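Just below is one structure, and these are the notes that go with it.
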Amino acid sequence: MKLAVFDTILNDGGGKRFITNLLPALKLINKDIKIDLYCKISRITNTETYNHLTINNISVYNLVSLNENFTPPFPLYKRGFNYFCRKTGLNQFQFELNTKTTNTLQNEIYSLSKEYDIAYFPWPFLIDNITTFCPKVATFHDFNYKYFFGAEIFSKRMLEHLEMNIPLWIKTSVPVVSSYFIKAEIKKFYPFTENVQVIHLAPLSGFTNVSREKANYIITKFGINYKYIIYPTNLTIHKNIGILSKVIYTLNNKNFNIKLILTGSDTEKIIGKANETGIERGASCFDILGLGYVSDEEMDSLIQCSEIVISTSKYEAGCGPGIDAWRRGVPVAMSDIPSFKEHLNVLNVRAIFFDIFNADDITEKLEFMLNNYDDMLKEAKISQENILKYTWEITARKYYQIFSDTIKK
């Protein structure tokens, strides 16, 4: 099998970690499979991602069309210019629509795909639908652009682009999703969709394996010498961060003396005192602190040393913070949404669920966890043992089967 992987975004965080885990696992299944990754190579050269891929016999090539003038066909995210730049590696000069470059990218990928049995797009968003010579498979992560959560996540131009191109991507590829919840979503919004494949992801491991002793040392550089709950997130409205100000306020009025740490793009703007209204800026002391975008090693350390990992999100394909916590034996509290509950059946893990619209319920659940912390650690240990049984070999075999079946058909 000759597999071409086209990643035109190669976004930091989950995107890079996904292909870094999946592609080497595919090679372990069948050493004869030829895997070539095409991307903006300058984004990963001299990185651990590049080294890990090449060591595992994954060839990495540059997509010439993704030069310094390449722009996606939409203006920047509503969620913030800095976030968008970090995700795409673009600068401010590059935000004008560039149809010529888009056409060049289409032609380049079509030409390259003639040499392969299958083309795989791990991130078919943010670009026009691409026609390939060989059949193509694409992974669709979620459909949050189909919802209004109280504030816009995307610009008008971007929404128009998504609404026009995602149906074309779905029609012209074999669609893969990472949960049965997202399968139901794709069928709801695009009823014409056939043959949706569900492949649950194994835990996304980075390149860190931080000991608890080293983790304790690393968090001291953030000035952390206190108990805290952590929420790895960003500031988009569906992450539902605001409700936690009342939760932390109530917990500390009950003398729990605990802080909330936020990580993720733009969270560095947040520091203040929690109250029933929100996060009070400029207070003489704080109990909610944002650290911004942190490295894999720092994230590993912050999760290990936390009391609880929490996610209050209203809409996700799965709970990334929860998976990271289960891998490290840390108790998890999260929203009672379908995709989060799905983890318990698939990964055989444990968590405490709460009503995402009810601050009192969240407070009650966290209070229970803190008051029964030894029991929570035992549950977390069981989760850790079970989640490590769901390996990337399992995920990769399912992807390999889809690739093989698509080629045969």
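Just so we're clear, the structure is a prediction, and the values are computed from it rather than from any experiment.
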Without placing hydrogens or testing angles, list every side-chain donor-acceptor pair under 3.5 Å for residues 174-182, not counting sequence neighbours.
{"residue": "Ser179", "atom": "OG", "partner": "Ile182", "partner atom": "N", "Å": "3.2"}
{"residue": "Ser179", "atom": "OG", "partner": "Ala317", "partner atom": "O", "Å": "3.2"}

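Around NZ of Lys314, the count of heavy atoms belonging to other residues, nucleotides or ligands within 6.0 Å exceeds 12. Counting non-hydrogen atoms of other residues, nucleotides and ligands closer than 6.0 Å to NZ of Lys187 gives a total above 12. Around atom OH of Tyr217, no more than 12 heavy atoms belonging to other residues, nucleotides or ligands sit under 6.0 Å away. Tyr147 OH: more than 12 foreign heavy atoms inside a 6.0 Å radius. The number of heavy-atom neighbours closer than 6.0 Å to NZ of Lys381, taken from other residues, nucleotides and ligands shown, is 12 or below.
Taking the six-membered ring where the residue is Trp, Phe286 and Tyr226 present perpendicular rings, their angle passing 60° and hence far from 30°. In this structure, Phe125 and Phe140 have perpendicular ring planes: the angle between them is above 60°, well past the 30° mark. In this pair, Tyr116 and Tyr38 present their aromatic rings perpendicular. The plane angle is above 60°, beyond the 30 to 60° band.
Distance CG/Leu23 to CG/Leu53: 6.0 Å, rounded to 0.5 Å. The distance from the CD1 atom of Ile241 to the CD1 atom of Ile310 is 11.0 Å, given to the nearest 0.5 Å. With rounding to the nearest 0.5 Å, the separation of CG in Asn372 from CD in Glu379 is 11.0 Å. How far OH of Tyr231 is from CD1 of Ile261: 15.0 Å, rounded to the nearest 0.5 Å. From Leu26, atom CG reaches atom CG of Asn21 across 11.0 Å, with rounding to the nearest 0.5 Å. For the atom pair CG (Leu302) and CD1 (Ile230), the distance works out to 4.5 Å, reported to the nearest 0.5 Å.
Contact check for Leu366 versus Ile229: side-chain heavy atoms found under the 4.5 Å cut-off. Here the side chains of Thr406 and Ile402 are in contact, with some heavy-atom distance below 4.5 Å. Counting heavy atoms from C-beta outward, Leu112 and Glu108 have side chains that approach closer than 4.5 Å. Between Thr233 and Ser313, every side-chain heavy-atom pair lies at or beyond the 4.5 Å cut-off. Using a 4.5 Å cut-off on side-chain heavy atoms (C-beta onward), Leu260 and Asp287 make no contact. Within the 4.5 Å cutoff, side-chain heavy atoms of Leu291 are placed close to those of Phe222. Between Ile186 and Phe143, some side-chain heavy-atom pair lies under the 4.5 Å cut-off. Side-chain contact between Leu63 and Ile109 is present, with heavy atoms from C-beta onward closer than 4.5 Å.
Under the 3.5 Å distance criterion, the side-chain polar atoms of Arg350 are left unmatched by any main-chain donor or acceptor of Met376. When atom types are taken as modelled, the side chain of Thr395 and the backbone of His200 share a donor-acceptor pair closer than 3.5 angstrom. Of the possible polar contacts, none joining the Lys136 side chain to the Phe121 backbone as a donor-acceptor pair under 3.5 Å is found. Judged purely by atom type and a 3.5 angstrom limit, Asp355 has no side-chain atom pairing as donor or acceptor with the backbone of Asp361. In this structure, the side chain of Ser245 engages the main chain of Gly242 through a donor-acceptor pair within 3.5 Å. In terms of modelled atom types and a separation under 3.5 Å, the side chain of Asn275 and the main chain of Thr277 share a donor-acceptor contact. Side-chain N or O atoms of His141 include one that pairs as donor or acceptor with a backbone N or O of Pro122 at under 3.5 Å. One N or O on the side chain of Asp117 and one on the backbone of Lys2 form a donor-acceptor pair closer than 3.5 Å. Checking side-chain atoms of Asn62 against main-chain N and O of Ile41 turns up a donor-acceptor pair under 3.5 Å. The main-chain N or O of Ile118 is never found under 3.5 Å from a side-chain atom of Ser113 such that the two would form a donor-acceptor pair.
Note: Phe340 and Phe353 fail the aromatic proximity criterion, with ring centroids not under 6.0 Å apart. Ring centroid separation for the pair Phe18 and Trp123 does not come in under the 6.0 Å cut-off.
For Asn358 and Lys365, the side-chain atoms include no donor-acceptor pair closer than 3.5 Å. Judged by distance alone, the side chains of Ser335 and Asn240 never bring a donor and an acceptor atom under 3.5 Å apart. Judged purely by distance below 3.5 Å, without hydrogens or angles, the side chains of Ser301 and Lys214 never pair a donor atom with an acceptor atom. Looking only at atom types and distance, the side chain of Thr139 has a donor-acceptor partner in the side chain of Tyr399 under 3.5 Å away.
Contact record, Arg328 with Gln384: C-NE2, 3.6 Å, taken as the closest heavy-atom pair. When all heavy atoms are compared, the tightest approach of Ile237 to Phe149 is CG2-CB, 3.5 Å. In this structure, Ala119 and Thr132 approach most closely via the heavy-atom pair CB-CG2, 4.1 Å. The minimum heavy-atom distance linking Pro232 with Val309 is given by the pair CD-CG1, 4.3 Å. Scanning both residues, Asp36 and Tyr61, for their nearest heavy atoms gives CG-CE1, 3.6 Å. Looking at every heavy atom in both residues, Thr193 comes nearest to Val196 through CG2-CG2, 3.2 Å.
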Checklist line | side-chain contact (heavy atoms from CB on, under 4.5 Å) between Leu10 and Ile19, worked out | finding: CA-CA 9 Å; Leu10 205 66; Ile19 62 171; 3.6 Å; yes
Next item on the list: Would you sort out whether Leu159 and Glu152 count as a side-chain contact (heavy atoms from CB on, under 4.5 Å), showing the intermediate values?
Entry: CA-CA 10 Å; Leu159 285 171; Glu152 287 291 4; 3.8 Å; yes
Item checked: Residues Leu370, Ile308; criterion side-chain contact (heavy atoms from CB on, under 4.5 Å); working and verdict -> CA-CA 9 Å; Leu370 293 169; Ile308 296 169; 4.0 Å; yes
Item checked: salt bridge (Lys or Arg N to Asp or Glu O under 4.0 Å) evaluation trace for Asp7 with Arg43 -> CA-CA 11 Å; Asp7 195 333; Arg43 297 211 65 210; over 6 Å; no
Checklist line | Intermediate values then yes/no, side-chain contact (heavy atoms from CB on, under 4.5 Å), Tyr315 and Lys146 | finding: CA-CA 11 Å; Tyr315 184 90; Lys146 300 294 288 186; over 6 Å; no
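Using a cut-off of 4.0 Å between Lys/Arg side-chain N and Asp/Glu carboxylate O, Glu160 and Arg157 are scored as not salt-bridged.
Asn57 is linked by a side chain to side chain contact (heavy atoms under 4.5 Å, CB included) to Lys27, counting only residues two or more places apart in sequence or in another chain.
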